[in-house]
Undergrad: 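Sharing a structure below in structure tokens format, with a few things to ask.
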Amino acid sequence: MIDIKFLRENLETLRTSLENRRATVDLDAILTIDSARRTVLHEMEQLRAEQNRASEEIARLKRDKQDATPQMEAMKSVSARIKELDEEVRGADAALLDQLLVIPNLPDASVPVGADESANRLERAWGEPREFDFEPKDHVDLGAALGILDFERAAKIAGSRFCLSRGQGARLERALINFFLDTHTREHGYTEVLPPFMANSDSLRGTGNLPKFKEDLFSIGNEGKDLYLIPTAEVPVTNIYRDEILREEELPIKYVAYSPCFRSEAGSYGKDTRGMIRQHQFNKVELVKFTTPETSFEELEQLTRNAETILKKLELPYRVVTLCTGDMGFGSAKTYDIEVWVPGQKTYREISSCTNFTDFQARRANIRFRRGKKPEFVHTLNGSGLAVGRTVVAILENYQQSDGSVVIPEALRPYMDGAERILPPG
RNA sequence: GGAGAGGUGGCCGAGUGGUUGAAGGCGGCGGCCUCGAAAGCCGUUGUAUCGCUUUGCGGUACCGCGAGUUCGAAUCUCGCCCUCUCCGCCA
């Protein structure tokens, strides 16, 4: 969320940044509501002060066994007026919040300005895409031939955009989750967290998923419950400290969490309809950090490197791009996408998105820390470390052999009972 | 799901409709004492927002959340949320 004070004082900066993001927000309407609200609030507070003074006077008279009826009568109209003004202020508060909640974060100065992904900036690439001496298959054909991925049965059970893994396929998925968690906890100093896989609307508002992106979520409001399936572990993990004040010495806090992720993505039909790239349910290991404001961008670099480490260990070619202003997410100040080489599509596909939200989520979720007298908002960051389903895609397609088998990356073999290959049945 | 108890500051815990932003304690901070520390003693200690003469002063709000009663609510009424105990159900 954007600070209303910042909005008042940096109107033109904000206007430019919203243009760069291709977001349309009526800032003047917000300012009008804000100034009207402050006028009414001021009048109400003066009446309240008068009421408090009268109230003390009445208490004093009553203690002295004197008649306070005239004072009490006089306060009736004041009380009624306060009630009116109070309703006006509440209305303005709600209107203001509605507006502020749909303003995206300001991009950092280092973010390239541009309309779409063509303006994203390549930061670095690692590994050489493999030269195949045969026509590589995509993971759907490979998975079907190996008997480890079954999209048809999944569709029967739950519909399109679900996947059923079996045998070595299910084992591979579980191995990856453990490998990711072990790497980040043992080598990168993250603390493992296993959060609820459902969250309430306060939590989703805190991370920025609500109110603007409701259509991307599966809600389970049966029996009047205010609950959603989480779209990412970012939601429950970031909300661990909602409405809390941390101590400066505790920062940075680094959490890693496995969770399944549930996404409705109502607007995505027609995109990536084949295979595991875009699913209603997928597994992900997520990295989340809470930091002081001045260290967050350095922490973003480290978090991104932490995610890259996984791809290096798995020996999968990848590149890192900085998303431009028009392509970055709603709450982001800066995002690096890590894209893995996918031979079946002969392209790089996002496998991790690492973001510094600065104080955007912290302000929404009211997550603060104290180092002087005044509490300050922390900065929050997160990134996939990694998306598990897409890693399965990358492994199957990059490690496929001409005989239809798939070699298991060496780093993963200890998690697969030492198996070196996934072989076709029979 | 049923019955009961409860939700008060960073934490614990008092609180009779009227100087209660809230006793007391713990913790924190400052000081005295000490070679130093502990103990002891003294002082201090929330958040948000607005205004001003801006190291400060003043106004307003905040006792789980929301509505109501009242001149006035932490305190009374209603609804909701959450926690605990017991019973039921259940992996």
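As the structure is a computational prediction, the values presented were derived from the model and not from experiment. Every chain is numbered from 1, with letters handed out A, B, ... down the list of sequences.
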Undergrad: Roughly how far apart, to the nearest Å, are B:rC78 and B:rG24 at atom P?
TA: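 After rounding to an integer number of Å, I get 33 Å for this pair.
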
Undergrad: Would you say A:Arg53 places a side-chain N or O within less than 4.0 Å of OP1 or OP2 belonging to B:rU60?
TA: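 Checking A:Arg53 against B:rU60: no side-chain N or O falls below 4.0 Å of OP1 or OP2.
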
Undergrad: Checking side chain to side chain donor-acceptor pair (under 3.5 Å) for the pair A:Thr207/A:Glu234: CA distance, chi angles, key distance, verdict?
TA: CA-CA 8 Å; A:Thr207 39; A:Glu234 166 197 347; 5.0 Å; no

Undergrad: Reckon A:Ala49 touches a base, only the sugar-phosphate, or nothing at all at heavy-atom distances under 4.0 Å?
TA: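 Sugar-phosphate, no base atom in range.
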
Undergrad: Just checking A:Arg38: base, sugar-phosphate only, or nothing, at a heavy-atom cut-off of under 4.0 Å?
TA: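 If one applies the 4.0 Å heavy-atom cut-off, A:Arg38 turns out to touch the sugar-phosphate alone, with no base involved.
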
Undergrad: Need to verify one output field. Residue with the more 5' nearest nucleotide on RNA chain B, A:Glu56 or A:Gln71?
TA: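 It is A:Glu56, whose closest nucleotide lies nearer the 5' terminus.
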
Undergrad: Just checking, is any N or O donor in the side chain of A:Ser264 or A:Asp216 under 3.5 Å from an acceptor N or O on the other one?
TA: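 A:Ser264 vs A:Asp216: no donor-acceptor pair found between side chains.
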
Undergrad: Side chain of A:His42 only, heavy atoms from C-beta on: which candidate in B:rU47, B:rC50, B:rA67 is closest?
TA: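 Nearest to the side-chain atoms of A:His42, counting from C-beta on, is B:rC50.
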
Undergrad: Given the C1' atoms of B:rA5 and B:rG59, what is the spacing between them in whole Å?
TA: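 Rounded to whole Å, the distance is 40 Å.
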
Undergrad: Need to verify one output field. Residue with the more 5' nearest nucleotide on RNA chain B, A:Arg60 or A:Ile245?
TA: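 Going by which nucleotide is closer to the 5' end, it is A:Arg60.
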
Undergrad: Partner lookup for B:rG1, please. Criteria are Watson-Crick or G-U wobble with both distances under 3.5 angstrom; report none if nothing qualifies.
TA: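 Pair assignment: B:rG1 / B:rC87.
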
Undergrad: Give a yes/no on whether any side-chain N or O of A:Lys83 is located under 4.0 angstrom from OP1 or OP2 of B:rU69.
TA: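 Yes, such a contact exists.
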
Undergrad: Base, sugar-phosphate or nothing for A:Arg370? Non-hydrogen atoms, less than 4.0 Å.
TA: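 Sugar-phosphate contact only - A:Arg370 comes under 4.0 Å of backbone atoms but never of a base.
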
Undergrad: With a non-hydrogen cut-off below 4.0 angstrom, is A:Met75 in contact with a base, only sugar-phosphate, or nothing?
TA: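 Sugar-phosphate, no base atom in range.
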
Undergrad: Among the candidates B:rC50, B:rG59, B:rG18, find the nucleotide nearest to the side-chain atoms of A:Lys5.
TA: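 Ranking B:rC50, B:rG59, B:rG18 by closest atom to the A:Lys5 side chain puts B:rC50 first.
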
Undergrad: Just call it for A:Arg37: base, sugar-phosphate, or nothing, with non-hydrogen atoms closer than 4.0 Å on any strand.
TA: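 Nothing, no heavy atom under 4.0 Å.
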
Undergrad: Could you tell me whether A:Lys312 atom NZ has more than 12 heavy atoms of other residues or ligands within 6.0 Å of it?
TA: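 Yes, enclosed.
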
Undergrad: If only side-chain N and O atoms of A:Arg368 are considered, is one of them under 4.0 Å from the OP1 or OP2 phosphate oxygen of B:rA48?
TA: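 Affirmative; the distance criterion is met.
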
Undergrad: Compare the minimum distances between each of B:rU47, B:rG18, B:rU60 and the side chain of A:Glu45, then state the nucleotide with the smallest one.
TA: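 Taking heavy atoms from C-beta onward, the closest nucleotide is B:rU60.
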
Undergrad: Please state how far atom CD1 in A:Ile58 lies from atom P in B:rG18, giving the value in whole angstrom units.
TA: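 That distance rounds to 14 Å.
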
Undergrad: Within the 4.0 Å heavy-atom criterion, would you say A:Lys62 contacts the bases, only the backbone, or no part of the nucleic acid?
TA: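 Since a base atom lies under 4.0 Å of A:Lys62, the category is base.
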
Undergrad: Sticking with atom C1', work out how far B:rU55 lies from B:rC76, rounded to a whole angstrom.
TA: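 Here B:rU55 and B:rC76 have their C1' atoms 45 Å from each other.
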
Undergrad: Any ion pair linking A:Lys254 and A:Glu299 (charged N to carboxylate O, less than 4.0 Å)?
TA: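 So A:Glu299 does not pair with A:Lys254 through a salt bridge.
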
Undergrad: Using both distances under 3.5 Å as the test, list the Watson-Crick or G-U wobble partner of B:rU53, or none.
TA: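 Its partner: none found.
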
Undergrad: Between B:rA48, B:rG18, B:rU69, which nucleotide gets closest to the side-chain atoms of A:Ser55?
TA: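 For the A:Ser55 side chain, the nearest candidate turns out to be B:rG18.
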
Undergrad: Ignoring backbone atoms, test whether A:Asn52 places a side-chain nitrogen or oxygen under 4.0 Å from the OP1 or OP2 oxygen of B:rA61.
TA: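 Yes, because at least one side-chain N or O of A:Asn52 sits under 4.0 Å from OP1 or OP2 of B:rA61.
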
Undergrad: Yes or no on ring-ring contact (aromatic ring centres under 6.0 Å, His included) for A:Phe262 and A:Phe218, after CA distance, side-chain angles and deciding distance?
TA: CA-CA 7 Å; A:Phe262 303 93; A:Phe218 284 110; 7.3 Å; no

Undergrad: Go through B:rA48, B:rA67, B:rC71 for me and flag the one nearest to the A:Pro375 side chain.
TA: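 Nearest to the side chain of A:Pro375 among the choices is B:rA48.
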
Undergrad: What's A:Gln51 touching, base or sugar-phosphate or nothing? Going by heavy atoms closer than 4.0 Å.
TA: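 Sugar-phosphate contact only.
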
Undergrad: Starting at atom CG of A:Asp93, determine the distance to atom C1' of B:rA61, rounded to an integer number of angstrom.
TA: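 Atom CG in A:Asp93 sits about 11 Å away from atom C1' in B:rA61.
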
Undergrad: Under a 3.5 Å threshold, yes or no: a donor from one side chain and an acceptor from the other, between A:Lys334 and A:Ser110?
TA: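 Yes, because at least one side-chain N or O of A:Lys334 sits under 3.5 Å from a partner of the opposite role on A:Ser110.
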
Undergrad: Between A:Tyr228 and A:Lys214, is any side-chain donor less than 3.5 angstrom from a side-chain acceptor?
TA: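 Checked: A:Tyr228/A:Lys214 side chains pair up, N/O donor to acceptor below 3.5 Å.
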
Undergrad: Please give, in whole Å, the distance from B:rG66 C1' to A:Asp226 CG?
TA: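 The distance from CG of A:Asp226 to C1' of B:rG66 comes to 15 Å, rounded to the nearest Å.
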
Undergrad: Look at A:Arg8 and B:rC50 and indicate whether a side-chain polar atom (N or O) is within less than 4.0 Å of OP1 or OP2.
TA: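 Checking A:Arg8 against B:rC50: at least one side-chain N or O falls below 4.0 Å of OP1 or OP2.
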
Undergrad: Should B:rC65 form a Watson-Crick or G-U wobble pair with both distances under 3.5 Å, which nucleotide is its partner?
TA: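 Checking every strand shown, B:rC65 finds its partner in B:rG79, with both distances under 3.5 Å.
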
Undergrad: Searching all strands shown, indicate the nucleotide that pairs with B:rA38 (Watson-Crick or G-U wobble; both distances under 3.5 Å).
TA: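 Matched B:rA38 with nothing under the 3.5 Å cut-off.
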
Undergrad: Using the C1' atom on both, measure B:rA23 against B:rU8 and round to a whole Å.
TA: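 One C1' to the other, the span is 12 Å.
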
Undergrad: Please indicate whether A:Arg81 has more than 12 foreign heavy atoms, meaning atoms of other residues, nucleotides or ligands, lying under 6.0 Å from its CZ.
TA: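 Correct, the count exceeds 12.
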
Undergrad: What's the gap between B:rG2 and B:rG21 when it is taken at their C1' atoms, as a whole Å value?
TA: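 Nearest-Å result for B:rG2 against B:rG21 at atom C1': 40 Å.
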
Undergrad: Sticking with atom P, work out how far B:rA74 lies from B:rU20, rounded to a whole angstrom.
TA: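 Comparing P positions in B:rA74 and B:rU20 gives a spacing of 13 Å.
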
Undergrad: For B:rC26, give its Watson-Crick or G-U wobble partner with both distances under 3.5 Å, or none.
TA: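 B:rG10 is the nucleotide pairing with B:rC26.
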
Undergrad: Using the P atom as the point on both nucleotides, what is the distance between B:rC42 and B:rA48, in whole Å?
TA: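 Between the two P atoms, the distance is 31 Å.
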
Undergrad: Is the distance from OP1 or OP2 of B:rG72 to the nearest side-chain N or O of A:Ser79 less than 4.0 Å?
TA: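 The answer is yes; a side-chain N or O of A:Ser79 sits under 4.0 Å from OP1 or OP2.
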
Undergrad: Could you let me know what B:rU70 is paired to, Watson-Crick or G-U wobble, both distances under 3.5 Å, or none if it's on its own?
TA: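 Pair assignment: B:rU70 / none.
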
Undergrad: Please report, rounded to the nearest Å, how far the P atom of B:rU47 is from the CD1 atom of A:Ile367.
TA: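 Distance check: A:Ile367 CD1 to B:rU47 P gives 18 Å.
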
Undergrad: Between B:rG58 and B:rU45, how far apart are the P atoms? Round to whole Å, please.
TA: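 These two P atoms come out 13 Å apart once rounded.
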
